[in-house]
Every structure is written in C-alpha cells, then in structure tokens.
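Scroll down for the structure; my scribbles are underneath it.
Within every chain, numbering begins at 1; the chains are lettered A, B, ... in the order of the sequence lines, protein sequences first and strands thereafter. Quick caveat: nothing in here was measured; it's all calculated off a predicted structure.
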2 protein chains.
Amino acid sequence: MKLSQGVEWMLHGVGVIAHAPPGTSVARRVLAEQYDLPEAYLAKHLKALVRAGILTATTGPAGGFRLARDPADITALEIVEAIEGSASPFVCQEIRQRGLVAVPPELCRRPCGISTVMDRAHQAWRESLRDVTVVDLMRLIPKSLRDKLVARLAANAR
Amino acid sequence: MKLSQGVEWMLHGVGVIAHAPPGTSVARRVLAEQYDLPEAYLAKHLKALVRAGILTATTGPAGGFRLARDPADITALEIVEAIEGSASPFVCQEIRQRGLVAVPPELCRRPCGISTVMDRAHQAWRESLRDVTVVDLMRLIPKSLRDKLVARLAANAR
DNA sequence: GTATCCCTACTCGGATAATTCTTGTCCGAGTAGAGGAGG
DNA sequence: CCTCCTCTACTCGGACAAGAATTATCCGAGTAGGGATAC
C-alpha cells in the first residue's frame with residue numbers, strides 16, 4: 001500500500017495557493033518552483049483538483065489556480081481523494097463465493113464480513129482527514145516564512 | 001492507493017487455518033482449493049505470515065501451516081501489516097526544505113505538519129484493525145458451512 | 001512379532017518472468033493582457 | 001488624449017513513453033511418514 005506522492009505535493013500546494021492575495025492566481029510554474037517539483041507532472045495533479053471542484057484554473061497571462069471555495073469548506077480528505085480516488089483501497093473480490101466450500105449466493109446478500117472490517121478501518125481514516133481543513137493547512141507554514149511567501153505570490157501575479 | 005489482494009486472501013485464509021482441528025496443519029494446496037486461488041502465488045503471502053510470526057510452517061507429509069499463537073492474540077492489523085509492511089502509506093519527502101521558500105533546517109526539528117496529519121489518519125486506520133482478532137475472523141464464516149469446512153480440513157490432514 | 005532402515009511422496013522456500021499502475025514528459029489549444037495605430 | 005484592434009506571450013489540458021511495484025510462476029531443498037526387510 002503506497003500513497004501517490006502527488007498527495008504530499010497537493011497538500012502543501014493547496015496551502016500555498018490559499019495564501020495568494022485575493023483576486024490573484026498561482027501559476028503552476030510558481031508552485032513548481034516553490035518546492036522544486038517537476039512542473040509537467042505537477043500539472044497532472046493540479047488538473048485532478050480542478051476536476052474535483054477544489055481549484056479553479058485560469059488561462060492566459062496572470063492566469064493560474066485559485067481555491068474554488070472557502071478554505072474552511074475544503075478538507076484534506078477531499079484533496080487526497082481527488083488524487084487517489086474515493087474508492088476503498090481494499091477491493092473485495094468475493095472469494096468466499098468461489099472454491100470448494102463456496103458460500104451460496106443467498107447467504108451473500110450482506111457484504112462480506114472481511115470487507116466490512118476493512119471498510120470500517122477505511123472510514124476511520126477518512127474521518128481523521130475530514131477533520132482537517134485548508135485553514136489548518138495554512139497554519140502549518142511557519143509564521144516567519146508566511147510574509148515571504150505572500151510577497152512572492154503577489155510579485156508573480158503581476 | 002491500492003491494497004494488495006493478498007490481504008484479502010490471508011484474512012480469509014487465516015480464518016480457515018484457525019478452524020483446523022488441534023494438532024493438524026493446513027497445506028497451502030488445501031487452502032488454495034478452498035478459494036480457488038493460484039497456489040504458487042498464495043505461497044508468497046503465506047511465507048510472509050510465517051516471517052511475521054503469525055503462522056508456523058511444517059514440511060513433509062501432513063505438513064502445512066497452523067497458527068503460531070492463540071487466535072485471540074492475533075489481530076487483523078498484524079496480518080495486514082505482515083503483507084503490506086508496517087510503513088505508513090504516506091512517505092514524507094520533506095519537500096518543505098526544498099525550493100525557493102525553503103524552511104530552514106532549524107525549524108524542521110519537529111516532523112512536517114502535513115506528515116503529522118497523514119500519520120494521525122494512518123494510526124486511526126491501524127487502531128480500527130487492531131480491534132479485530134482472529135476469533136472475530138472465525139465468526140465471519142457462516143455457521144452452516146463451519147462443519148463442512150472442519151470436516152474437509154480433518155480429511156486433508158490425514 | 002518387532003525393531004530398524006531405506007525410500008518415496010509430500011511439504012515449504014527462494015529465485016525468476018509478465019503485467020499493471022505510478023511516475024515522468026511533451027506538445028498543442030485557448031486566452032487575457034500589452035502595445036501600437038487610428039480617430 | 002482616448003478608443004479600438006492586433007498580436008504576442010503566457011496559461012492550462014490531453015495524449016504519449018519510462019520505470020517501479022504488484023502479480024504470477026517455476027523448480028529445488030528438506031522432511032516425515034510408510035513400507036519392506038532383517039532379526
């Protein structure tokens with residue numbers, strides 16, 4: 001089980017985008033330089049956040065990405081699932097219905113017990129991430145660097 | 001993020017092995033037939049459980065696998081981590097220390113805030129799985145099939 | 001009848017390919033702003 | 001001096017390869033029980 005590194009990039013990245021002065025956007029180039037990330041690949045993940053309705057994209061000069069909603073209304077869970085998909089990492093193959101001592105279909109109306117166990121764990125994971133908002137992510141940037149960051153974003157927005 | 005299907009196989013499989021009559025082992029061939037799984041690949045996961053100290057293996061005729069400990073002392077978490085590894089699915093690359101507005105090392109004594117958020121979610125996931133024991137897994141097999149299963153295991157143990 | 005020895009058949013374990021998913025990259029479509037020309 | 005038009009440069013978006021992890025497989029090493037043999 002491995003989480004795409006795009007998750008880390010975007011959790012940091014959204015925290016940066018959220019610091020953009022009102023009315024301005026953050027170009028993916030600026031964001032890539034911020035953390036020294038491959039810009040082309042970063043684009044792939046940014047696109048996913050746009051599709052998920054977390055960011056909005058603007059083209060042309062002074063274009064870029066900005067938050068689509070209030071920072072307090074965007075959770076870390078949304079960001080993670082925008083990249084990784086919202087499906088459970090555990091996919092029940094219903095192996096109980098196969099083999100020599102197969103469970104007859106009439107006993108399989110309810111989901112497999114093991115699937116239930118794994119899903120419960122997955123929900124616990126989701127709940128934990130749902131409690132974190134973009135506002136919290138913004139606070140994770142050290143106070144001493146915040147001004148420097150905002151100045152940089154303002155400069156690149158023209 | 002995708003979980004190896006070996007997790008499903010082994011959660012079911014350990015539940016079956018736990019039903020073996022005392023003093024007997026379950027050969028991997030029997031287990032493979034139980035759910036119609038590729039025997040050779042199944043071996044790989046079984047081996048992992050042996051390394052983790054969850055199962056013990058016996059070679060030769062009437063050999064096979066059995067629980068290394070009391071069913072109540074083995075958790076689903078152990079089984080999952082024996083296969084997937086105990087590392088967190090989120091690996092912090094410390095991108096905060098790279099790029100143009102890099103966080104100076106003296107501010108990085110404590111782990112990255114985003115890493116903390118992800119780890120907290122991972123711990124919630126682990127706690128949920130830690131609450132499930134092999135005894136619980138055994139109960140997931142429908143009562144009406146349990147006798148059939150035990151009879152089959154006894155027959156194959158010679 | 002009993003004990004011993006050998007032998008066969010069955011078991012697991014590690015080393016080895018095929019496939020799928022993640023990662024990484026490129027170039028094209030579209031747009032908004034800047035600059036110049038005309039009124 | 002103001003307005004309009006054109007043009008350029010910058011933006012994102014989707015299609016296209018490389019690498020890594022998972023999936024799948026084979027064959028060899030070792031062992032324990034069973035059978036035959038000798039006593």
Item checked: Those residues that, when tested against B/R130, pass salt bridge (Lys or Arg N to Asp or Glu O under 4.0 Å) (two or more places apart) -> B/E127
Note to self: Suppose we screen for salt bridge (Lys or Arg N to Asp or Glu O under 4.0 Å). Which residues come up paired with B/R120, at least two apart in sequence or across chains?
What the structure shows: none
Please tabulate the protein-to-nucleotide N/O contacts below 3.5 Å involving nucleotides 18-25 of chain C, giving atom names and distances.
| from | atom 1 | to | atom 2 | distance (Å) |
| --- | --- | --- | --- | --- |
| C/dT23 | OP1 | A/Q5 | N | 3.3 |
| C/dT23 | OP2 | A/S4 | OG | 2.6 |
| C/dT23 | OP2 | A/Y41 | OH | 3.2 |
| C/dT23 | O5' | A/Y41 | OH | 3.3 |
| C/dG24 | OP2 | A/Q5 | NE2 | 2.7 |
| C/dG24 | O6 | A/K44 | NZ | 2.8 |

Check: To the nearest 0.5 Å, what is the distance between CG (B/N156) and OG1 (B/T24)?
Finding: 10.0 Å
Check: Under 3.5 Å, side chain of A/E84 to main-chain N/O of B/M1, donor-acceptor pair present?
Finding: yes
Next item on the list: For B/M10 and D/dT23, give me the distance from atom CE to atom P, rounded to whole Å.
Entry: 12 Å
Item checked: Euclidean distance, atom NZ of residue B/K47 to atom P of D/dC26 [Å, nearest integer] -> 16 Å
Margin query: Rounded at 0.5 Å granularity, tell me how far CZ in B/R96 sits from CG in A/L145.
Written below: 10.5 Å
Solution key, residues 97-110 of chain B side-chain donor-acceptor pairs under 3.5 Å, sequence neighbours excluded:
| from | atom 1 | to | atom 2 | distance (Å) |
| --- | --- | --- | --- | --- |
| B/Q97 | NE2 | B/E94 | OE1 | 2.9 |
| B/R98 | NH2 | A/D36 | O | 2.8 |

Note to self: For the CZ atom on A/R29, are there more than 12 heavy atoms of other groups (residues, nucleotides or ligands in this structure) within a distance under 6.0 Å?
What the structure shows: no
Checklist line | Residue that, paired with B/I74, satisfies side chain to side chain contact (heavy atoms under 4.5 Å, CB included) out of B/V135, B/L67, B/T133 | finding: B/L67
Notebook entry, point to check: Do any pairs count as a side-chain hydrogen bond (donor to acceptor under 3.5 Å, both in side chains) and have a residue in residues 53-63 of chain A, sequence neighbours left out, and if so which ones?
Noted result: none
Check: Applying side-chain hydrogen bond (donor to acceptor under 3.5 Å, both in side chains), which residue pairs with at least one partner in residues 137-146 of chain A are found, sequence neighbours left out?
Finding: A/D136-A/R139
Taking only N/O atoms, report every protein-nucleotides 29-33 of chain D pair under 3.5 Å with atom names and distance.
| from | atom 1 | to | atom 2 | distance (Å) |
| --- | --- | --- | --- | --- |
| D/dT31 | O4' | B/T59 | OG1 | 3.1 |

Check: Listed in order of residue number, which residues of residues 90-98 of chain A have a non-hydrogen atom at under 4.0 Å from DNA chain D?
Finding: none
Check: So, do B/P89 and A/K2 sit near enough that their side-chain heavy atoms are less than 4.5 Å apart?
Finding: no
Notebook entry, point to check: In residues 25-36 of chain A, which residues come under 4.0 Å of DNA chain D by heavy atom?
Noted result: A/A27, A/R28
Next item on the list: Supply the atom-to-atom distance B/L153 CG to B/S25 OG, rounded to the nearest 0.5 angstrom.
Entry: 11.0 Å
Checklist line | Whole-Å gap separating C1' (C/dC12) and CZ (B/R66) | finding: 14 Å
Checklist line | Considering all heavy atoms, the nearest A/S88-A/D119 contact | finding: OG-OD1, 3.5 Å
Margin query: Filter on side-chain hydrogen bond (donor to acceptor under 3.5 Å, both in side chains), then keep only pairs touching residues 8-22 of chain A, sequence neighbours left out; what's left?
Written below: none
Note to self: Quick check on DNA chain D: between A/R51 and A/G63, whose nearest nucleotide comes earlier from the 5' end?
What the structure shows: A/G63
Can you name the atoms? Protein N/O to nucleotides 3-5 of chain D N/O, anything below 3.5 Å, with the distance.
none

Check: Which pairs, with at least one residue in residues 69-82 of chain B and sequence neighbours excluded, count as a side-chain hydrogen bond (donor to acceptor under 3.5 Å, both in side chains)?
Finding: B/R69-B/E78, B/E81-B/R126
